[in-house]
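A short write-up of the structure that comes next.
Proteins get letters first, then strands, A, B, ... in listed order; numbering begins at 1 in each.
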Amino acid sequence: MGILIKAEDTTDYSYGCPPDQRPIEQHIDLGVINLDKPPGPTSHEVTSWVKKLLGVEKAGHGGTLELN
Amino acid sequence: MGRARNVLQHIIHSDKTYVCVMALHEAVPEDKIREVCREFVGDIYQKPPLKASVERRLRVRRIFSIEVQEIIGRLVLMVIHCEAGTYIRKLCHDIGEVLGVGAHMAELRRIHTGPFTEDENLVTMHELHEAVIALREYGDEKLLRKVILPVEYAVRNLPKIYIRDSAVDSICHGAPLAAPGVLHLTDDVMKGGLVAIMTLKGELVAIARALMRAHDMVEASQGIVAKPVRVIMKPGTYPRHWKSSKFVGKG
């Protein structure tokens, strides 16, 4: 895959934050987990555990196997 | 988690790979099984099952490959690479019909969805729990940083457009991306396809639909080049460079 350049510019490090340097709260808020779902509980239940565990209000899951 | 959740519904539409055990209802010669499985590679018709969450209308799904790994008696272990929305239970049933003996899906595990695979970064509930404890009890972030990946990981397979700092905040407010805001992009950007809009620091700003292909985007001197479908970055993260009068009533 190639990169096409249209214009050059620099970025100001006084705002924003490279993904690997985020403070931990932000890292969690903007984070994804590739979770090995245990076979018993539903994806919905596991999502709710993860939410509680991490103390985040929102969490979602990117797929479920149940109906396949 | 949190704002990153919004990305996932766009990722779940990517291809899937499954490991599946199909149980035949009667024994069939191996070469016959392999032959029939080969016939199912390509476009197939499927009607969603009764308890499905989508409309039950005949639809076409593409099977990219079916690799029969092992056959033991009536059990067939196979790896299936298919389009999102393929019903594997149905596929097993249909393979059984063509074989003339009937079959059902005995076991299923997904090993690959878009950027997520089973080999890399797969985390158990226990590991996640331990990582949270390490942070809470000992103030150690290291484990949690290993277990939780930045949202940018989820879009690593998408074409990307890198934009100027000055173009970031208007996108965060849902405005479309105009040509002058574009700095560089990957050459796989397709007209009508999804793209990730990124900052120069490598942060994901939004998932957007491209309105032109990569080469046309480089040539464009004005006009809209992509429209956000899902904004990830919080407004106000980057300074505001746009005039508010144009956006009155949009919050």
Side-chain angles (χ1 to χ4, degrees), chain A, chain B residues 1-5 7-9 11-12 18 49 51-53 86-89 108-110 113 116-117 120-125 128-129 132 135 141 144-145 147-154 164-165 168 182-188 199-204 214-215 217-218 232 237-239:
Chain A
M1 189 206 322
I3 301 280
L4 304 175
I5 295 175
K6 184 175 170 68
E8 303 272 0
D9 202 0
T10 54
T11 184
D12 185 339
Y13 280 86
S14 64
Y15 42 77
C17 182
D20 56 345
Q21 290 166 32
R22 290 182 180 128
I24 192 72
E25 302 76 29
Q26 233 189 75
H27 182 79
I28 294 172
D29 190 45
L30 284 170
V32 295
I33 305 178
N34 191 3
L35 193 69
D36 188 358
K37 187 183 89 62
T42 64
S43 307
H44 199 81
E45 286 166 328
V46 171
T47 305
S48 140
W49 292 345
V50 170
K51 263 196 259 189
K52 231 181 264 172
L53 191 60
L54 290 169
V56 290
E57 279 164 32
K58 294 195 288 179
H61 60 82
T64 151
L65 280 177
E66 295 140 309
L67 288 175
N68 290 291
Chain B
M1 273 78 57
R3 298 188 72 85
R5 178 185 63 161
V7 171
L8 291 178
Q9 46 187 283
I11 303 302
I12 57 179
Y18 298 95
K51 59 170 192 170
S53 50
T86 308
Y87 292 96
I88 305 296
R89 192 180 295 280
L108 181 68
R109 187 172 169 102
R110 192 171 61 213
T113 304
F116 296 102
T117 65
E120 307 163 59
N121 309 308
L122 192 67
V123 170
T124 64
M125 286 295 289
L128 177 61
H129 195 230
V132 170
L135 177 68
E141 303 178 350
L144 207 54
R145 282 189 190 275
V147 161
I148 299 181
L149 307 164
V151 64
E152 284 77 9
Y153 179 86
R164 291 180 201 277
D165 286 2
V168 173
V182 178
L183 289 172
H184 57 267
L185 60 156
T186 54
D187 62 7
D188 54 351
T199 67
L200 281 182
K201 298 183 191 78
E203 307 153 282
L204 175 65
H215 286 87
M217 230 174 257
V218 174
I232 306 305
T237 307
Y238 275 60

Open item on the list: With a 4.5 angstrom heavy-atom cut-off, is it the side chain or the backbone of B/E152 that approaches chain A, or both, or neither?
Closed with: side chain

- [ ] Search all heavy atoms of A/V32 against all heavy atoms of B/A154 and return the closest pair with its distance.
- [x] CG1-CB, 4.4 Å

Task: Closest contact, heavy atoms only, B/Y238 versus A/G16 - done: CE1-CA, 3.7 Å

Task: Taking every non-hydrogen atom, the tightest pair across B/R145 and A/R22 - done: NH2-O, 2.8 Å

- [ ] Assess whether side chain to side chain contact (heavy atoms under 4.5 Å, CB included) is satisfied between A/L4 and B/H184, documenting all intermediate values.
- [x] CA-CA 6 Å; A/L4 304 175; B/H184 57 267; over 6 Å; no

Task: Partner chain A: residue of B/L185, B/V182, B/T237 with the largest heavy-atom pair count (under 4.5 Å) - done: B/L185

Open item on the list: Given heavy-atom pairs under 4.5 angstrom as the criterion, report whether the side chain, backbone, both or neither of A/P41 touches chain B.
Closed with: neither

Task: Residue part contacting chain B, namely of A/P18, when any heavy atom lies under 4.5 Å - done: both

Open item on the list: Would the distance check show the side chain of A/E8 and the main-chain N or O of B/L183 forming a donor-acceptor pair, the cut-off being under 3.5 Å?
Closed with: no

Open item on the list: Could you check whether any side-chain heavy atom of A/K6 comes within less than 4.5 Å of a side-chain heavy atom of B/M217, counting everything from C-beta outward?
Closed with: no

TODO: Specify the closest pair of heavy atoms between B/R164 and A/A7, including all atoms of both residues, with the distance to one decimal.
DONE: NH2-CB, 3.5 Å

Task: Closest heavy-atom pair and its distance - B/G202, A/P19 - done: O-CG, 3.2 Å

Task: 4.5 Å side-chain heavy-atom contact, B/K201 and A/Q21 - done: no

Task: All ring pair (Phe, Tyr, Trp, His ring centres under 6.0 Å) counterparts of A/Y13, not counting sequence neighbours - done: none

Task: Pair A/H27-B/L144, side chain to side chain contact (heavy atoms under 4.5 Å, CB included): steps then yes or no - done: CA-CA 9 Å; A/H27 182 79; B/L144 207 54; over 6 Å; no

Open item on the list: Could you tell me if the side chain of B/T186 sits less than 4.5 Å from the side chain of A/I3, heavy atoms only?
Closed with: yes

Task: Flag side-chain contact, heavy atom, 4.5 Å: A/T11 against B/T199 - done: no

Task: Side-chain touch A/D9/B/D165, heavy atoms, less than 4.5 angstrom - done: no

Task: Side chain / backbone / both / neither for B/V132 at chain A, heavy atoms under 4.5 Å - done: side chain

Open item on the list: Give me the atom names and distance for the closest heavy-atom approach of A/I24 to B/L135.
Closed with: CG1-CD2, 4.2 Å

Task: B/R109 side chain reached by A/D36 side chain, heavy atoms, under 4.5 Å - done: yes

Task: A/S14, part contacting chain B, at a heavy-atom distance under 4.5 Å - done: neither

- [ ] Evaluate the side-chain proximity of B/I148 to A/I28: yes if any heavy-atom separation is below 4.5 Å, no if none is.
- [x] yes

Task: Separation between OG1 of B/T124 and CG of A/L35, rounded to the nearest 0.5 Å - done: 7.5 Å

Task: B/L128 side chain near A/L53 side chain, heavy-atom distance below 4.5 Å - done: yes

